[in-house]
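This chain uses plain numbering: 1 for the first residue, then up along the sequence.
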Amino acid sequence: MVESSVLTALGSGPFTIALLVAVIGGYLLGSVPFGLVLTKPFGYDLRSIGSGNIGATNVLRTGRKDLALATLLLDSGKGAIAAALAWWGSVAHTGQPDQMLVLAAGCAAVLGHNFPVWLKFKGGKGVATTLGVLLMTAWPVGVGACLTWLVVAATFRYSSLAALVALSLAPVYGLILIGPIHAAAYLALAILAILRHHENIRRLMRGEESRIGKKKKS
């Protein structure tokens, strides 16, 4: 089985090098701040709008739904592409996908989005990028997380709550549908998302969180 072969390879030199390449490459790809790149030509500075976040939810607060959708697709896409490149590289080298490398590259992309070196490590919260990683590394888990987000968002109209519920259930979906290594990676991403949403959690508890579709006051 691929997962057991990955564990036995952890101590090998070539695997360590491949792991470093996957992590560094994933981080750099994930660190591209598409929200800022897309909105700046139109005169917006996301860091001075709403929550100051560089993700799609804050882009939506500018009133530009087209830019918000583009940001969502690109942010999720960079997570998926990072994992896909690791998948392709491991297949090209060994003839089969190395799930440890794929998951490492995807998780590194989320870290890059959350802590981009270009923005003094002040980035987004990684929800869209994490969903992209889930869809690429285990599409049934990704679909389950996306559907969970949609149901919670449609019911309560809180993007942050939908993200927290969806990403918190992803490890459960992963354990049931795929296996323990995937579940462990998804658990790490869920914990990171919870930590990044600590202010949203406080606002939710106070009933002060902004609802989807409403601009947040500066």
Side-chain angles (χ1 to χ4, degrees), residues 19-40 45-61 67-68 70-86 101-137 141-142 145-146 149 158-171 174 182 184-204 209-210 216:
L19 182 61
L20 287 173
V21 171
V23 169
I24 294 173
Y27 173 85
L28 291 176
L29 182 58
S31 67
V32 179
F34 285 114
L36 286 178
V37 172
L38 291 175
T39 57
K40 190 171 183 179
D45 182 0
L46 286 182
R47 289 167 292 184
S48 62
I49 296 174
S51 64
N53 193 274
I54 64 172
T57 300
N58 208 39
V59 175
L60 187 61
R61 294 191 178 106
L67 296 180
T71 301
L72 175 65
L73 294 176
L74 289 170
D75 281 349
S76 59
K78 65 187 181 184
I81 291 172
L85 289 175
L101 293 179
V102 174
L103 290 168
C107 290
V110 178
L111 287 174
H113 177 82
N114 290 355
F115 309 104
V117 64
W118 329 109
L119 301 178
K120 299 180 180 180
F121 304 102
K122 296 179 181 179
K125 297 176 182 176
V127 176
T129 308
T130 298
L131 290 175
V133 172
L134 296 178
L135 288 167
M136 178 59 209
T137 57
V141 177
C146 288
W149 191 96
Y158 290 116
S159 176
S160 57
L161 179 62
L164 288 167
V165 174
L167 298 189
S168 294
L169 287 177
H182 285 74
Y186 301 157
L187 177 60
L189 292 176
I191 292 173
L192 177 60
I194 292 171
L195 293 175
R196 295 292 288 171
H197 281 81
H198 63 93
E199 293 181 356
N200 302 84
I201 294 172
R202 293 193 185 98
R203 288 195 295 267
L204 284 167
E209 181 72 331
S210 297
K216 183 176 180 179

Within the structure provided, determine whether [X] and [Y] are in side-chain contact (heavy-atom separation under 4.5 Å).
{"X": "Glu209", "Y": "Asn200", "value": "yes"}
{"X": "Leu204", "Y": "Ser160", "value": "yes"}
{"X": "Leu46", "Y": "Asn53", "value": "no"}
{"X": "Trp118", "Y": "Leu28", "value": "yes"}

For [X] versus [Y], what's the shortest heavy-atom pair and its separation?
{"X": "Ala166", "Y": "Ala145", "result": "CB-O, 3.3 Å"}
{"X": "Leu134", "Y": "Gly142", "result": "CB-CA, 3.7 Å"}
{"X": "Ala190", "Y": "Pro171", "result": "CB-CG, 4.2 Å"}
{"X": "Gly30", "Y": "Lys78", "result": "O-NZ, 2.8 Å"}
{"X": "Ala193", "Y": "Leu164", "result": "O-CD2, 4.2 Å"}
{"X": "Leu119", "Y": "Pro33", "result": "CD1-CB, 3.9 Å"}

Between Phe121 and Leu111, does a side-chain contact (heavy atoms from CB on, under 4.5 Å) hold up when you go through it step by step?
CA-CA 10 Å; Phe121 304 102; Leu111 287 174; over 6 Å; no
Dump the intermediate steps for side-chain contact (heavy atoms from CB on, under 4.5 Å) on Leu135 and Ser76, then the final yes or no.
CA-CA 9 Å; Leu135 288 167; Ser76 59; over 6 Å; no
What is the distance from atom [atom1] of [X] to atom [atom2] of [Y], rounded to the nearest 0.5 Å?
{"X": "Ile49", "Y": "Arg61", "atom1": "CD1", "atom2": "CZ", "answer": "10.0 Å"}
{"X": "Leu60", "Y": "Ser210", "atom1": "CG", "atom2": "OG", "answer": "11.0 Å"}
{"X": "Leu29", "Y": "Leu85", "atom1": "CG", "atom2": "CG", "answer": "7.0 Å"}
{"X": "His113", "Y": "Ser31", "atom1": "NE2", "atom2": "OG", "answer": "10.5 Å"}
{"X": "Ile191", "Y": "Leu187", "atom1": "CD1", "atom2": "CG", "answer": "4.0 Å"}
{"X": "Lys122", "Y": "Arg47", "atom1": "NZ", "atom2": "CZ", "answer": "9.5 Å"}

Please check this pair: side chain of [X] against backbone of [Y], looking for a donor-acceptor N/O pair closer than 3.5 Å.
{"X": "Tyr27", "Y": "Val117", "result": "yes"}
{"X": "Lys125", "Y": "His197", "result": "no"}
{"X": "Ser168", "Y": "Val165", "result": "no"}

Show the numbers, then the answer: is there a side-chain contact (heavy atoms from CB on, under 4.5 Å) between Arg196 and Phe115?
CA-CA 11 Å; Arg196 295 292 288 171; Phe115 309 104; 3.5 Å; yes
Residue from Val110, Leu189, Leu167 passing side chain to side chain contact (heavy atoms under 4.5 Å, CB included) with Leu131
Leu167
Can you list the residues that meet the side chain to side chain contact (heavy atoms under 4.5 Å, CB included) rule with Thr71, with sequence neighbours excluded?
Leu38, Ala56, Val59, Asp75
On the six-membered ring of Tyr158, is Arg203 placed so that its NZ or CZ lies under 6.0 angstrom from the centre and within 45° of the ring axis?
no
side-chain contact (heavy atoms from CB on, under 4.5 Å) evaluation trace for Thr129 with Asn114:
CA-CA 9 Å; Thr129 308; Asn114 290 355; over 6 Å; no
Between Thr137 and Tyr186, is any side-chain donor less than 3.5 angstrom from a side-chain acceptor?
yes
